[in-house]
Amino acid sequence: MPTHESAGQGSATVDHLAPDLARTMYRHMRTARDLDTEAVALQRQGVFPAYVSVRGQEAAQVAAATALDPSRDFVFPTYREMAVALAYGVEMVGYMATHRALWHGGLYDAMESRFGAINAVVGGPVPHAVGWAVGERLRGGEGVALACFGDGASSEGDVHEAMNFAGVYGAPVVFFCQNNRWALSVPNERQVAGGSVAARAAGYGMPGVAVDGNDAGAVHRAVSEAAERARRGEGPTLVEALTYRVEPHSTSDDSARYRDEAEAERWRRHRDPVDLMRRALIEAGYAGEAELDRIDAEARARAEEIRDGVSTAPEPDGSELFTHVYRETTQELARQRRIWQEEVRL
Amino acid sequence: MPTHESAGQGSATVDHLAPDLARTMYRHMRTARDLDTEAVALQRQGVFPAYVSVRGQEAAQVAAATALDPSRDFVFPTYREMAVALAYGVEMVGYMATHRALWHGGLYDAMESRFGAINAVVGGPVPHAVGWAVGERLRGGEGVALACFGDGASSEGDVHEAMNFAGVYGAPVVFFCQNNRWALSVPNERQVAGGSVAARAAGYGMPGVAVDGNDAGAVHRAVSEAAERARRGEGPTLVEALTYRVEPHSTSDDSARYRDEAEAERWRRHRDPVDLMRRALIEAGYAGEAELDRIDAEARARAEEIRDGVSTAPEPDGSELFTHVYRETTQELARQRRIWQEEVRL
Amino acid sequence: MTELIDRTGTETQEAPVVELSMQQAVNRALRVLLAEDPDVLVFGEDVGTLGGVFRVTDGLQKEFGDRRVFDTPLAESAIMGMAVGLAMNGWRPVPELQFDGFAYPAIDQIVNQVARMNYRTRGAAPMPITLRLPSFGGIQAPEHHGESLEAIFAHTPGLKVVAPSDPGDAYTLLLQAVRSDDPVVYMEPKARYWERRPVQLREPDEPIGTSRIVRPGRHATLVAWGAMVHRCVQAAELAAEDGVELEVLDLRWLKPIDAEGLAASVARTRRAVVVHEAPLTAGLGAEVSALVTENCFRDLAAPVQRVTGFDVPYPAGPLEPQYLPTIDRILLAVQRTLEF
Amino acid sequence: MTELIDRTGTETQEAPVVELSMQQAVNRALRVLLAEDPDVLVFGEDVGTLGGVFRVTDGLQKEFGDRRVFDTPLAESAIMGMAVGLAMNGWRPVPELQFDGFAYPAIDQIVNQVARMNYRTRGAAPMPITLRLPSFGGIQAPEHHGESLEAIFAHTPGLKVVAPSDPGDAYTLLLQAVRSDDPVVYMEPKARYWERRPVQLREPDEPIGTSRIVRPGRHATLVAWGAMVHRCVQAAELAAEDGVELEVLDLRWLKPIDAEGLAASVARTRRAVVVHEAPLTAGLGAEVSALVTENCFRDLAAPVQRVTGFDVPYPAGPLEPQYLPTIDRILLAVQRTLEF
Ligand SMILES: Cc1ncc(C[n+]2csc(CCOP(=O)(O)OP(=O)(O)O)c2C)c(N)n1
Ligand SMILES: Cc1ncc(C[n+]2csc(CCOP(=O)(O)OP(=O)(O)O)c2C)c(N)n1
Ligand SMILES: [Mg+2]
Ligand SMILES: [Mg+2]
């Protein structure tokens, strides 16, 4: 069975982290939290047609991102990876643009960021991570792919096929499952046979680690170790971060229809990852209240700046419909573009 | 880790079987062997366009079939299940018709036989077994579904999705993997990450049993126990029968291109399941040479009868192209049938 | 076979008129089906406790229990594969796949298994499966939530395909689809889920494959299905102000297609414009164009015009209105055919 | 854009003539591609040690090593998903899916990922992937080994699709497909794998999307691709005995379709018959028919005829010749169009 590290402790472990790193993680978590709050507000104001909150998953996301090396690794995200993006260094106005529906995949440069386009197919990008990782080994590189997916996604065939491929090829992949207990309205009990995603790893001959997903330090350790294993050529690891989706699935969802919101409330109150991290920093002597307040203020400013950026970003021109379909366009598509020009743009 | 029962013993265990059952199993195995030999010959003679041999897998197949109750269970086969069909009581001329390409799914009645149509999509029928089993429980029945698949099929997403569904619903399914070491030209080492299909079971919270697939008694016990578990409402089990594909993948294949045929030869010589069963029957005092010779003769006669039946079966009439597309045909299809009548049948 | 009689015709007098959205009409139909046939099962992602992301299955689990209406894990291929096995055990499965774009992971089970199991077993194992698939675009949704897969389904032997355009048809056609012993893909136009309309809850009384003249006219026939029917009616209303009378034919059944109904309309109007959301190339508009031309070659005064989505991936919000056929594009195509 | 010049034209003089089957020609092309570009990777089920079930990749692993040419586990979706990731890491993947019917499990990755990753990333992550897919029927194979998926691929924005009909084109078009930075589905007509023909190993010298007049004629144009081109040529030879000169146009590229080449031919002949193996309804023949009609309406003397597989699942051996378009059916369609 997979190792459970500090699951359910209700605390964050930071002693093994350099103080600087721990503070940086806190800063990202706080920024993500504020940006999340701004995003929910933007949706209420009608600026975003919809938004998927990462609230409560900041520890898991920031820790995974900061355990990687953005100069050589590559992240394959889902649609709920805002704090991973932020902590990994993705240009955030471009990232948030997806929520304003400016461009499905986001407006950041996926290749420059080494952070794939936002992907809405549950499970779909996981094999991409394996392909990237196989390719990385083939060219002798030392990069590691992080494959993000949810507990619901673990049911998809693609995730299984990807894990089996990674095992067979010994590919440098970290399968990073954020188990937030819910896949839209379906809880783990009716989603994950056997109850543990991490437990699936053994069947592919790879280590599986279940870790407290609200403990940033624990997740950081687990992902770091998995990444280092992969980098050493020892193959894939599955890390399951046990956390909780405290918000509804998206702003279009009403979670009161299918769950007891008191449970979410308990997670918000007693296991909020940002609070836990703040407390741990102070207890470890890594930062004082004043310094943390300063970081909080900076985080707020950064979040507001991103909010303003995405709110005022220009809408893409309609011609972009046609620009990126092919590298080398076709006569037929050029003809259709003319029709668009004459009949739609007017 | 899954239990390995008598793996690699090079013997068959029959003590736990009633003598009658053990002799019946031997009869089926011998008949299947002879029919297989006839089928390969028919392919050489051009009667069959191609054939997939079950040679060496007779123990696994006959044992699985005889562990079930054909009056209430249901088998979901692949394309390599001839001995399962035979032992389960399927009308064998209709079964073999698929190899003469008379009808893709075979010409037996799948519903009457409680043995699904021959299915060439690797992994594809496995979710059907789960659906059938879920439906069986819903109507309060006690039937069990046997989902047949190969080691190669274990890589397909459908097999994973099916196992997870079965686990979540506690469906009465026996996942029956015949691991014959090869998926066409690809050996287990480059197919099954972790090396064991049975080991995957734990990840779905179900028992996984690896069993010597050339020991008919061992397979019978494993499948019986799995079926009884399922019948008692205790959910699915994964049984992996470890065996070996001693023939090429099909008559179109040349296995010398990718493997050392000496290995196949060792399996033929030392672990032939029909030989092992014969020896075990004698050793257990379940039958004497004379009786077994009589069974052998009967098996040969039966195989020849099936061979003759399938060789002389009439080809389907062209109108059958149109008969079974829908329960309620369409005007358009009726129109196309007229075109066929006027322009093709002539 | 086109039904020319208006909804108020005599044979439908008994059906009561109620005000319903399409989402409610589908819900009503499911309720009728679950009540009348104990073999009907409704399942899919989030259809149970939640009642579906569009609330189409709202209240069904409560009313019929979690054995008749239940959630599945998140795996589209297994949902359709399970439907096959349930059908083989005598059930009448009504699975939902949550969005059009997530039918792709299930295409293998749909094409290779659902659509041909009756054929493969020579009629022994019928597949009375109705796949409910919220479809088409127009709601500014995320990627993969605005796709039109009808051409793929219509190309698949063994399937029948239907797309209602209003609440009344949604109700009646779903009854017809689920009661049919053949597999049917039932495509619900998401963009039309919410508008409430006076609806007659009619029992099916036309054969599968019957189209409907939504608005009669004589200068050209607009052919559409799903949400585009409404748009064509709007275009026809505008054209009428200029004295151009457009007939709007709601194809409804995309397989089998009502070739006779199409031909009868175009024989009268001599001109046709087919409108759909899917990309142009190899879209179902090509089939309509080919069919009409084959059946009405001598009558046609102009080539059939196609007004469709462009050959580009379905775009995000702000570009959606520029991708989908606009009323302007429809009217320009009408003009082209009239001036040909 | 139709290339009217025969293979013996001046610009191709340098290419040596050798006798090759299509299977060998594809093998040669792969060898050239692997040799010229270290980023080319060939992978799929059984393509490595075995050299493919059709021996198309025979010897490649030996020559280029098992890092460039390798077997995968048995999972089609992951094969295409892996191709996406490899492309994002700078490789030029040439995956094989073993048979047409087993592309269905990979449709989600092909449609939702391969075809639109360049679009999704606004050009940051191109997908120079060539999917080699042994396709079409005619070899009396088991179920799912005789399917024609071109309509699905052609309907998918972001894909390009090509189907060679002879060894020479197979060689040249594969070079073109793999060197292209766009994803291409390359459909190999299995029934034509084995016949050896004198072949010029030509470098690509025409744009993507160029059709080819295989046989010039003036009474009607037969439009086909893959194995049906050969059958159309046979039909044309028979018709010629009766003084009917049929032009045979090998479409080759099924996306983009050579609309100009088609129109130019039909403008001359005024009649067209499109022939394909896939079922009729919503097949690519509908697109060809619609296109030709749109572009040649005034020239057309008769509606475009479609001679296709029937709307039934691809059948087993003995029924295969009754399912596939026969020479008789082609000639009857020619007669219909001539007598219209
Ligand atoms: C293939 C596919 N099927 C269905 C959906 C619709 N859908 C979007 S998110 C979601 C739940 C995903 O749950 P999980 O994987 O746990 O991720 P989470 O939302 O909890 O982060 C569903 C069903 C989808 N996006 N993709
Ligand atoms: C989905 C799918 N992909 C590919 C194939 C082609 N194919 C037929 S059998 C086979 C190997 C199957 O291996 P395994 O599952 O181990 O079964 P075995 O043949 O050994 O009985 C392959 C690749 C197929 N039939 N279906
Ligand atoms: Mg979740
Ligand atoms: Mg095998």
Side-chain angles (χ1 to χ4, degrees), chain A residues 74 76 103-113 116-121 123-139 141 143 145 147 156-158 160-169 171 173 316 320-321 323-333 335, chain D residues 1 38-39 41 43 67-68 70-91 93 95 105 108-109 111-113 115-128 157-160 180-183 207-209 253 255-260 291:
Chain A
F74 209 107
F76 292 82
W103 198 262
H104 283 319
L107 286 172
Y108 56 96
D109 184 318
M111 296 307 293
E112 284 241 311
S113 315
I118 290 156
N119 207 306
V121 183
V126 179
H128 307 172
V130 176
W132 187 92
V134 167
E136 183 69 1
R137 281 282 140 180
L138 282 177
R139 63 168 78 266
E156 290 280 2
D158 268 10
H160 158 73
E161 295 186 3
M163 288 191 190
N164 187 50
F165 270 53
V168 163
Y169 294 123
V173 186
E320 297 236 17
L321 279 173
T323 317
H324 310 294
V325 182
Y326 295 111
R327 307 294 292 183
E328 190 190 338
T329 196
T330 65
Q331 284 198 9
E332 173 58 21
L333 200 58
R335 187 186 71 81
Chain D
M1 292 196 299
D39 290 334
L41 298 178
F43 55 92
R67 299 165 66 86
R68 304 283 308 283
F70 55 90
D71 290 327
T72 64
L74 213 175
E76 290 74 14
S77 188
I79 290 171
M80 296 313 295
M82 180 162 79
V84 171
L86 285 165
M88 288 177 74
N89 208 337
W91 298 92
D108 174 55
Q109 284 290 341
V111 173
N112 278 339
Q113 306 292 352
R116 55 181 82 172
M117 192 59 84
N118 187 67
Y119 187 83
R120 188 179 293 141
T121 61
R122 296 160 57 87
M127 292 284 120
L159 292 183
K160 294 178 178 177
S180 158
D181 286 342
D182 290 308
I208 278 178
W253 288 93
K255 183 165 200 173
I257 291 179
D258 186 358
E260 277 180 33
L291 259 185

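Hydrogens, waters and symmetry mates play no part in the numbers below; they use all other heavy atoms, side chains included. Predicted model, so just to flag it, every value in this text is computed and none were measured. Letters A, B, ... are given to chains in the order of the sequence lines, protein chains preceding strands, and every chain is numbered from 1.
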(request) Please report the C-alpha distance between A:Gln331 and D:Asp258 in whole Å, then the side-chain angles of each, then the deciding distance to 0.1 Å, and finally whether the side chain to side chain donor-acceptor pair (under 3.5 Å) criterion is met. (result) CA-CA 9 Å; A:Gln331 284 198 9; D:Asp258 186 358; over 6 Å; no
(message) Donor-acceptor check, side chain of D:Asp182 to backbone of A:Tyr326, threshold 3.5 angstrom: yes or no?
(response) no
(request) Give a yes/no verdict on a cation-pi contact between D:Arg120 and A:Trp103, requiring under 6.0 Å between NZ or CZ and the six-membered ring centre and an angle within 45° of the axis. (result) no
(message) At a 4.5 Å cut-off on heavy atoms, which part of D:Ile79 comes close to chain A: side chain, backbone, both, or neither?
(response) both
(request) Enter the distance from A:Asn164:CG to D:Thr72:OG1 here, rounded to the nearest 0.5 Å. (result) 10.0 Å
(message) Checking A:Phe74 now: which residues fulfil ring pair (Phe, Tyr, Trp, His ring centres under 6.0 Å) with it, not counting sequence neighbours?
(response) A:Phe76, A:Trp132
(request) Determine the minimum heavy-atom distance between A:His324 and D:Gly123, stating which atoms define it. (result) ND1-N, 3.8 Å
(request) Please lay out, stage by stage, how D:Thr121 and A:Tyr108 fare under the test side chain to side chain contact (heavy atoms under 4.5 Å, CB included). (result) CA-CA 8 Å; D:Thr121 61; A:Tyr108 56 96; over 6 Å; no
(request) With a 4.5 angstrom heavy-atom cut-off, could you sort out which part of D:Asp181 is near chain A: side chain, backbone, both or neither? (result) both
(request) Could you tell me which of D:Pro183, D:Ala124, D:Pro105, D:Pro157 has the largest number of non-hydrogen atom pairs under 4.5 Å with chain A? (result) D:Ala124
(message) Report which part of A:Val325 has an atom under 4.5 Å of a heavy atom belonging to chain D: side chain, backbone, both, or neither.
(response) both
(request) Output the distance between atom CG (D:Leu86) and atom CG (A:Leu138), rounded to the nearest 0.5 Å. (result) 7.0 Å
(message) Counting C-beta onward and ignoring hydrogens, is there a side-chain heavy-atom pair between D:Met82 and A:Pro127 closer than 4.5 Å?
(response) no
(message) I want to check something: taking the side chain as every heavy atom from C-beta on, are D:Trp253 and A:Thr330 in contact at a cut-off of under 4.5 Å?
(response) no
(request) Specify which of A:Pro316, A:Gly105, A:Gly135 makes the most heavy-atom pairs with chain D at under 4.5 Å. (result) A:Gly135
(request) Counting only heavy atoms closer than 4.5 Å, note whether D:Asp108 contacts chain A via side chain, backbone, both or neither. (result) side chain
(message) Is A:Arg139 in contact with chain D via its backbone, its side chain, both, or neither, using a 4.5 Å heavy-atom distance?
(response) both
(message) If I measure from the heavy atoms of chain D, does A:Leu333 come under 4.5 Å with its side chain, its backbone, both, or neither?
(response) neither
(request) Output the distance between atom CG (D:Asn89) and atom CZ (A:Arg137), rounded to the nearest 0.5 Å. (result) 11.5 Å
(request) Could you have a look at A:Val130, A:Asp109, A:Val121 and say which one has the most heavy-atom pairs with chain D under 4.5 angstrom? (result) A:Val121
(message) Using only atom types and a distance under 3.5 Å, with no angle test, would you say the side chain of A:Glu332 pairs donor to acceptor with the backbone of D:Pro256?
(response) no
(request) Counting only heavy atoms closer than 4.5 Å, note whether A:Glu112 contacts chain D via side chain, backbone, both or neither. (result) neither
(message) Using a 4.5 angstrom heavy-atom cutoff, name the option from A:Ala162, A:Ala110, A:Gly124 with the most pairs to chain D.
(response) A:Gly124
(request) Quick one: do D:Met117 and A:Asn119 satisfy side chain to side chain contact (heavy atoms under 4.5 Å, CB included)? Show the steps, please. (result) CA-CA 10 Å; D:Met117 192 59 84; A:Asn119 207 306; 4.3 Å; yes
(request) Specify which of D:Gln113, D:Met80, D:Lys255 makes the most heavy-atom pairs with chain A at under 4.5 Å. (result) D:Gln113
(message) Please check: side-chain N/O of D:Arg122 versus main-chain N/O of A:Gly106, any donor-acceptor pairing under 3.5 Å?
(response) no
(request) Apply side-chain contact (heavy atoms from CB on, under 4.5 Å) to D:Ala87 and list each qualifying residue two or more places apart in sequence or on a separate chain. (result) D:Pro93, D:Met127, D:Pro128, D:Ile129
(message) Using 0.5 Å steps for rounding, measure from the CD atom of A:Glu136 to the CE atom of D:Met88.
(response) 12.5 Å
(message) Nearest 0.5 Å, please: how far is OG in D:Ser77 from CD in A:Glu156?
(response) 9.5 Å
(request) Flag the pair D:Phe70 / A:Tyr169 as yes when their ring centroid distance falls below 6.0 Å, and as no otherwise. (result) yes
(message) Do D:Gln109 and A:His128 make a side-chain contact, defined as non-hydrogen atoms from C-beta onward lying under 4.5 Å apart?
(response) yes
